[in-house]
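Scroll down for the structure; my scribbles are underneath it.
These numbers come from the heavy atoms of this one structure, side chains and all, not from hydrogens, waters or symmetry mates.
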Amino acid sequence: AAVGMVTDLTGKAWLVDGAIRQPLAILAYLEPAALIDVEKGSSISITFYSPSEEQVFSGPAKYKIEKQGITRISGAAPTVQRLGALAADATTREMNQSGRKTQAAVRMRSMAVGTWIVGLSPDKTAVRSTAPRFSWAAVSDAGKYRLILTSLEGIPVFEEAVAGTELRLPADKALTPGREYAWSVDTVRADGAKMVGKGRFSVLDANAEARLAAESPQSGASFAQRVRYAITLEATGLAEEARDLWRELARERPGELAVQNRAQQ
């Protein structure tokens, strides 16, 4: 089982097994007995699950990954930083789930292909705001849109006709933290076809918000810190916010395939 994950890498570092050398990359998992070779002028950040800490290694150096840390073979000792409880829990869960969870796409067969409004936000995510912004993709030749918001049990919360493709919930209709909601948007095209989109989300509760605020990266935070925070956002249910952060990280590291993949989820 993996005991750590690469959360940043500048330059080159290698996973060594005898004569076989494989290049390491961000989001790679590391198992006990792995040998790491960090080239001169390079550095690698590894987030360990137990103990929950980040260690940064600068080359030239060689290390052996153990179940409870690192054995230094050559080079400088790593710098060590303890992780906050939320980041530690999220990265451990990430390892236990072997990384990404796939979301199953469900097609409603009661409606013909081409009748869905797409690009709904928020959907399949948690949000922080009690007055979130709703948005969706435009439908060609559509009239006004009708947005309907209900509790998950179907109790009406808000309804509004909208000329554009977004709406901010009025402050006097503020939602309840910790509750789940469903919403839909529909319109009729000029040819009479009805178009519908449906979404579902929850509002983050106050305790989760406070824990996130305590570990939110500050200005100038390292790449590794922001990687862990993106994983933490996902673990907290803030899927859309996490995706925005992955996209920011992907722009900074266009050559990191795993980061690019996370940005597209």
Side-chain angles (χ1 to χ4, degrees), residues 86 90 101 103 105-106 108 111 115-189 194-219 221 226-227 229-252 262-265:
L86 198 58
K101 300 179 292 292
Q103 293 182 346
V106 178
M108 298 294 289
M111 301 187 70
T115 59
W116 283 111
I117 296 175
V118 298
L120 272 67
S121 175
D123 185 29
K124 303 180 185 69
T125 188
V127 299
R128 298 181 191 240
S129 175
T130 56
R133 183 180 71 91
F134 298 89
S135 64
W136 54 92
V139 175
S140 59
D141 298 322
K144 282 192 173 183
Y145 300 88
R146 180 182 60 160
L147 185 148
I148 300 174
L149 175 66
T150 71
S151 70
L152 207 58
E153 299 77 22
I155 300 171
V157 174
F158 177 77
E159 182 174 339
E160 184 77 39
V162 187
T165 57
E166 64 176 60
L167 177 142
R168 171 75 68 177
L169 191 69
D172 62 352
K173 298 293 183 179
L175 306 179
T176 304
R179 295 288 304 275
E180 289 187 76
Y181 294 88
W183 68 287
S184 66
V185 59
D186 63 71
T187 189
V188 178
R189 294 192 317 214
K194 184 176 181 179
M195 306 287 289
V196 179
K198 295 183 179 182
R200 178 173 168 173
F201 67 97
S202 62
V203 181
L204 206 62
D205 66 68
N207 289 334
E209 177 63 51
R211 291 195 299 270
L212 272 176
E215 297 188 22
S216 176
Q218 303 302 305
S219 177
R226 288 179 290 145
V227 165
Y229 193 63
I231 292 171
T232 301
L233 290 172
E234 289 178 334
T236 310
L238 292 161
E240 292 185 359
E241 188 174 336
R243 187 164 55 247
D244 289 341
L245 180 51
W246 282 119
R247 288 172 177 169
E248 175 186 312
L249 294 167
R251 287 192 292 270
E252 293 181 28
R262 292 296 274 261
Q264 299 304 317
Q265 296 292 329

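- Residues that satisfy the side chain to side chain donor-acceptor pair (under 3.5 Å) test with Ser121, not counting sequence neighbours, are Glu240.
- Under 4.0 Å is where a charged nitrogen must lie from a carboxylate oxygen, and between Glu160 and Lys173 no such pair does.
- Contact between Ala230 and Ala242 at its shortest, heavy atoms only, is O-CB, 3.7 Å.
- Looking at heavy atoms from C-beta onward, Trp116 lies out of side-chain contact with Val139 at the 4.5 angstrom threshold.
- Distance check, rounded to the nearest 0.5 Å: CD1 of Ile117 to CE of Met195 gives 6.0 Å.
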Requested in this report: Check the pair Val157 / Leu169 against side chain to side chain contact (heavy atoms under 4.5 Å, CB included), numbers first and verdict last.
Outcome: CA-CA 10 Å; Val157 174; Leu169 191 69; 5.7 Å; no
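- Side-chain contact between Leu149 and Leu175 is present, with at least one heavy-atom pair separated by less than 4.5 Å.
- When all heavy atoms are compared, the tightest approach of Arg168 to Ser129 is NH1-OG, 4.2 Å.
- Taking each heavy atom of Ser151 and Tyr181 in turn, the nearest pair found is CA-CD2, 4.0 Å.
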Report task. List the steps and the verdict of side chain to side chain contact (heavy atoms under 4.5 Å, CB included) for Leu212 and Leu238. Result -> CA-CA 11 Å; Leu212 272 176; Leu238 292 161; 3.3 Å; yes
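- With respect to the salt-bridge test (charged N to carboxylate O, under 4.0 angstrom), the residues Arg146 and Asp186 qualify.
- The minimum heavy-atom distance linking Arg226 with Ala221 is given by the pair NE-O, 3.5 Å.
- Taken to the nearest 0.5 Å, the OG1 atom of Thr187 stands 12.0 Å off from the CG atom of Leu147.
- Listed by first and then second residue, the ring pair (Phe, Tyr, Trp, His ring centres under 6.0 Å) pairs that reach into residues 144-178 are Trp136-Tyr145, sequence neighbours excluded.
- Summarising the geometry of Leu204 relative to Ala126, their closest heavy-atom pair is CD1-CB, 4.4 Å, with the distance given to 0.1 Å.
- Here the straight-line distance linking atom CG of Asp123 with atom CZ of Phe134 works out to 11.0 Å at 0.5 Å rounding.
- Phe201 contributes atom CZ, which lies 11.0 Å from atom CZ of Arg179 (distance to the nearest 0.5 angstrom).
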Requested in this report: Might you work through the side chain to side chain contact (heavy atoms under 4.5 Å, CB included) test for Leu152 and Arg200, ending with a clear yes or no?
Outcome: CA-CA 8 Å; Leu152 207 58; Arg200 178 173 168 173; 3.5 Å; yes
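- Summarising the local packing, CZ of Arg243 is surrounded by more than 12 heavy atoms from other residues, nucleotides or ligands at distances under 6.0 Å.
- Glu248 has its side chain out of reach of Asp244: every pair of non-hydrogen atoms, C-beta onward, lies at least 4.5 Å apart.
- Residues Val203 and Val127 have side chains in contact (heavy-atom distance under 4.5 Å, counting atoms from C-beta outward).
- Going from atom CG of Leu233 over to atom OG1 of Thr125 covers 9.5 Å, rounded to the nearest 0.5 Å.
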Report task. Let me see the working for Arg262 and Val227 under side chain to side chain contact (heavy atoms under 4.5 Å, CB included), right down to the final yes or no. Result -> CA-CA 11 Å; Arg262 292 296 274 261; Val227 165; over 6 Å; no
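- Smallest separation of non-hydrogen atoms from Ala263 and Ala250: CB-CB, 3.9 Å.
- Residues forming a side chain to side chain donor-acceptor pair (under 3.5 Å) with Glu241 (at least two apart in sequence, or on another chain): Arg128.
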